[in-house]
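Structure, as structure tokens:
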Amino acid sequence: MKKTTIALALLLPVAFFTGQYFSGPAMQAPSLTADVSFSGGAAASANAKKSVIDHGAVGQVHQVKPGQLIMDAVKAAQPGDVIQVFPGDYVETVYIDKDNIRLSGVIIDGKRPRLYGEERLNDAILYSGNNILIENFLITKYKGNGIMGQAGNNFEIRHNIIEDTGVYGIFPQLGINGLVEHNVISGIEDAAIYVGMSDHIHVANNEVFDSVAGIEIENSRHAVVENNFVHNNTGGILAFVTPGLPIKDTVDVIIRNNWISNNNTANFGAPGSMVAGIPAGTGILIMAADEVIIEDNIIIGNKTAGIIITDHQNAPNTTLDPESDPTPDKVMILNNLMYNNGYDTIAEAKVLLATEFKQGQPDIIRVGNSNGSCINNPQQYITVGVSKWPACSFTNTDSVVNYLLEEPAAPRTVAADEKGKYVYLGVCTGCHAYTGRLIGPPVQVIQSLYMDEPQALADYILNPMKKRDDYPAMPKQDYLDAETRLAVAEYMLKVGN
Amino acid sequence: MMLYALLLATSLSAADGFNLSQSCPPSFELVAGNRCKLVSRYDMYDSLQNKGVGGTQTALPARRDGFSPQQIDLGRYLFFDPLLSGNHQQACASCHQPARGFADGKALSSGANGQLGNRSAPSLWNVGFLKKLFWDGRSDTLEQQALIPMLAEHEMANTPAKLLADLQANNHYPALFRQAFNTERIELSQVATALTAFQSSLVSLNSRYDHYAHGYHQALTEQEIKGMNVFRSFVARCAECHTPPLFTNQQIAVIGTPEPDGMPFDAGAGAKPGWEKLRGGFKVPTLRNIALTAPYMHSGRFATLEEATEFYSKGRGHAVPKGEDLLLHWHIWEPKLTAEEVQQITAFLGSLTDESLLPQTPKRLPSGLALPTEITTNSQTSGATE
């Protein structure tokens with residue numbers, strides 16, 4: 001058994017608060033206890049959850065209080081800054097197209113800041129930057145998603161309560177290295193937590209309920225889903241390959257130590273959505289995903305089945321995608337506690353049971369193909385379609401603490417010189433040829449004018465003044481930051497053809 | 001751009017003979033082996049599994065490049081030259097006009113002999129990044145694709161033998177092919193390679209949206225930013241299919257757009273045996289330079305971006321003809337966009353316009369034929385000429 005870690009919650013380091021001056025006595029940011037692990041008792045565990053973000057130096061702290069806009073703070077924030085949002089209502093869509101921002105709700109006397117969509121706003125929080133942390137919010141009544149990530153790496157989404165909010169509660173997409181933990185999510189029309197097309201993900205210690213799908217891992221690789229309380233959804237935990245997406249497979253997912261109970265809510269998914277076809281009463285659903293390990297879950301009271309494993313051919317609503325493999329291969333079912341599942345199962349399952357001369361309430365149903373799968377101690381379950389599966393070659397996943405990256409996914413480090421080259425070629429060559437006149441004067445001429453004065457050139461392009469009667473004016477390059485302007489100036493002065 | 005174009009047109013004097021350029025087009029770096037390699041500011045980033053889809057700061061997908069400057073320049077002449085059509089009336093550029101975002105402004109294209117085609121001419125901006133070509137994705141490479149319109153009866157209506165004979169008999173082309181391919185006999189594959197080389201130089205990545213994406217947030221107006229947020233929201237879900245940085249995820253999707261009145265239902269990708277599940281499926285098109293390429297969709301059914309956007313809000317399957325049972329994409333639903341949101345999306349799509357690397361339209365063609373009339377009648381907006 002895995003050991004539990006005492007200090008799971010990552011609290012804000014004290015450093016953020018020392019030296020802060022808070023105006024007005026009404027709302028003071030509490031000073032929080034520093035993050036220290038329990039070191040007594042049994043041998044220290046390697047299981048301490050670490051931050052997936054390399055925060056670097058802490059920047060400024062921006063405080064947002066009721067009546068103000070969180071977005072104003074985001075606009076003002078620089079990478080490294082912390083935005084503290086105080087309890088109260090905020091009616092807005094927050095979008096973060098920057099790196100390294102901590103968006104941190106401040107909880108006082110049990111009250112947290114509420115992002116309120118008035119059933120009118122689309123998404124509560126959208127981010128595309130790397131190293132984004134979002135915590136301690138209450139999000140409700142949005143039409144789209146609670147928290148949505150587009151291609152941000154190293155994200156942490158934690159301690160949020162998301163109620164009755166549109167399509168997905170938490171939806172990181174196209175990201176690497178992310179932690180989704182200690183969130184409580186309910187009343188979602190699709191998946192409460194939906195990890196889409198992402199790698200190296202940890203979804204732990206969340207409560208998800210009253211939604212169509214509890215937790216969905218889709219077209220993603222290297223994910224651990226553990227210690228979640230998944231109840232009263234239509235389907236509990238899903239590992240899917242959805243065809244027709246640019247990332248084609250789901251591989252290497254561990255679903256362990258979750259409590260998956262009574263996921264019998266009638267399906268209220270939008271017609272045509274991938275989850276709309278899930279039969280109510282499904283504990284775990286594996287569709288076309290490979291290398292999924294199911295271990296030590298408590299799976300009880302799911303009326304259709306505890307675990308369903310299917311290929312695309314047998315699933316409703318799946319489109320054709322010749323590039324994605326429709327078969328769930330190497331599914332590995334270890335010990336799980338399964339009880340009182342399948343008590344009101346679907347007709348298809350009864351037919352399948354009959355073909356194996358079985359009756360009763362199915363814990364595990366497998367339809368369609370599956371290669372290289374295994375199951376330990378199958379006699380403890382009522383199963384359909386897995387009787388030929390051999391025992392697995394192992395009994396636990398204890399050696400896998402998580403699949404997060406050792407070091408945060410680094411952004412590509414681009415030397416200034418390279419940046420200069422990208423801009424020179426990508427932008428300037430549209431108007432400047434090395435020799436010969438294009439729209440602007442030849443680079444050779446510019447080189448002779450500026451020689452070893454790159455800063456002067458960099459200054460010119462920020463706000464070019466008209467120089468030549470027989471040329472049009474050059475447009476401002478003010479969208480380039482100072483560093484890039486200097487880099488492109490240096491590059492332009494040294495290029496040789 | 002117009003002003004520059006005029007100035008440039010007058011400043012260059014036409015040389016007598018034809019010499020192919022020895023430098024790469026803008027945004028391409030000349031590397032060892034006389035090859036042109038695309039360089040862009042998106043090279044600063046990565047993308048998951050190198051798929052080139054993601055958010056604001058995501059690398060581009062794999063692209064076609066590595067052609068020589070001479071091949072690219074030869075391709076440019078061929079692209080504009082009606083010599084490639086059977087009756088010498090139509091060039092690629094007749095339907096893919098530089099002044100119209102490399103589309104033709106028509107709902108359905110018409111061929112050299114006047115026949116009406118069955119689909120709308122798509123833009124060719126950023127076509128070098130596409131893995132599947134044509135609305136139904138039926139072609140895998142630009143080389144393979146290039147021969148199809150030349151030989152199609154309803155388009156350029158040529159034959160391989162006639163095409164090669166015309167080129168070989170021409171005063172200039174044999175020498176130009178020698179410069180580009182070091183060859184004595186012109187081959188069909190060289191024509192295809194040169195056209196591919198030229199088309200892969202049609203790069204548009206310097207729009208105001210791109211300035212925003214690279215971190216200059218003042219580049220977009222409040223209205224456009226609102227539009228961007230609706231576009232990528234999970235209500236509209238546009239970005240789930242039209243995914244940055246190219247605004248396409250390059251997948252086939254069945255969304256159920258209507259045909260123009262009187263046109264039969266177009267099965268798209270589902271016309272192929274065994275692909276029936278994709279009946280009515282089309283490749284997700286890029287939305288870069290989309291403001292320039294009305295009318296919209298495979299059938300050109302929608303005249304404006306507002307109409308195209310409103311389509312998504314009118315209800316899942318609302319335009320599917322009776323009797324058609326399509327497996328509509330799961331992201332096609334009922335977002336109930338407000339009129340204001342439709343305006344915002346349209347404004348945002350306008351920020352994707354960038355023609356800063358528009359190639360020069362040749363002033364004279366090696367064949368001695370006149371430039372296609374479609375281009376000359378639009379000449380006041382047709383960008384740079386030489």
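Within every chain, numbering begins at 1; the chains are lettered A, B, ... in the order of the sequence lines, protein sequences first and strands thereafter.
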task = Check each atom of B:S233 against the heavy atoms of chain A and say whether the ones under 4.5 Å are side chain, backbone, both or neither.
result = both
query = At a heavy-atom separation under 4.5 Å, does B:L327 approach chain A through its side chain, its backbone, both, or neither?
reply = side chain
task = Select one option (side chain, backbone, both, neither) describing which atoms of B:E29 are under 4.5 Å from chain A's heavy atoms.
result = both
message = Is B:R232 close to chain A through its backbone or its side chain, or both, or neither, when contacts mean heavy atoms under 4.5 Å?
response = both
inquiry  = Please classify the contact between A:M274 and chain B as side chain, backbone, both or neither, with a heavy-atom cut-off of under 4.5 Å.
reply    = both
Toward chain B, the part of A:E418 with a non-hydrogen atom under 4.5 Å = neither
remark   = Highest number of heavy-atom pairs under 4.5 Å with chain B among A:T318, A:T319, A:L245 belongs to A:L245
message = Please check: side-chain N/O of A:T429 versus main-chain N/O of B:P26, any donor-acceptor pairing under 3.5 Å?
response = no
inquiry  = I'd like to check A:I201 versus A:S198 (side-chain heavy atoms, cut-off strictly below 4.5 Å). Are they in contact?
reply    = yes
task = Please state whether the side chain, the backbone, both or neither of A:L126 comes within less than 4.5 Å of a heavy atom of chain B.
result = side chain
ask   = In Å and rounded to the nearest 0.5 Å, what is the OG1 to CD distance from B:T221 to B:Q344?
value = 9.5 Å
key: Interface moiety of B:E334 toward chain A, non-hydrogen atoms closer than 4.5 Å   = neither
Cation-pi, A:Y142 ring and A:R120 (6.0 angstrom, 45 degrees) = no
ask   = Side chain, backbone, both or neither: which part of B:V254 has a heavy atom under 4.5 Å from chain A?
value = neither
inquiry  = Angle between ring planes, A:Y479 versus B:H211, binned at 30° and 60°: parallel, tilted or perpendicular?
reply    = parallel
ask   = Relative to chain B, which segment of A:Y168 carries a heavy atom at a distance below 4.5 Å: side chain, backbone, both, or neither?
value = side chain
message = Please classify the contact between B:W275 and chain A as side chain, backbone, both or neither, with a heavy-atom cut-off of under 4.5 Å.
response = both
ask   = Side chain, backbone, both or neither: which part of B:R41 has an atom under 4.5 Å from a heavy atom of chain A?
value = both
ask   = Is it the side chain or the backbone of A:D249 that comes within 4.5 Å of chain B heavy atoms, both, or neither?
value = side chain
inquiry  = Measuring from atom CG of A:N131 to atom CD1 of A:I101, what distance do you get when rounded to the nearest 0.5 angstrom?
reply    = 10.0 Å
query = For the atom pair OG (B:S207) and CZ (B:F247), what is the distance rounded to the nearest 0.5 Å?
reply = 7.5 Å
Proximal component of A:K421, with respect to chain B [non-hydrogen, under 4.5 Å] = both
remark   = Greatest number of non-hydrogen atom pairs under 4.5 angstrom with chain B, of A:M197, A:E323, A:R221, falls to A:R221
Short side-chain donor-acceptor distance under 3.5 Å, A:S128 and A:Q150 = no
message = Counting heavy-atom pairs under 4.5 Å with chain A, which one of B:H214, B:E240, B:Q218 comes out on top?
response = B:E240
task = Side chain from CB out, backbone as N, CA, C, O: work out which of these in A:N130 comes under 4.5 Å of a heavy atom of chain B, or both, or neither.
result = neither
key: Contacting region of A:P79 [heavy-atom separation from chain B under 4.5 Å]   = neither
note = Honestly, the part of A:V167 sitting under 4.5 Å from a heavy atom of chain B is side chain
Which portion of B:Y42 sits near chain A, non-hydrogen atoms under 4.5 angstrom = neither
message = I'd like to verify something: which residue of B:L38, B:L328, B:L48 has the highest number of heavy-atom pairs under 4.5 Å with chain A?
response = B:L48
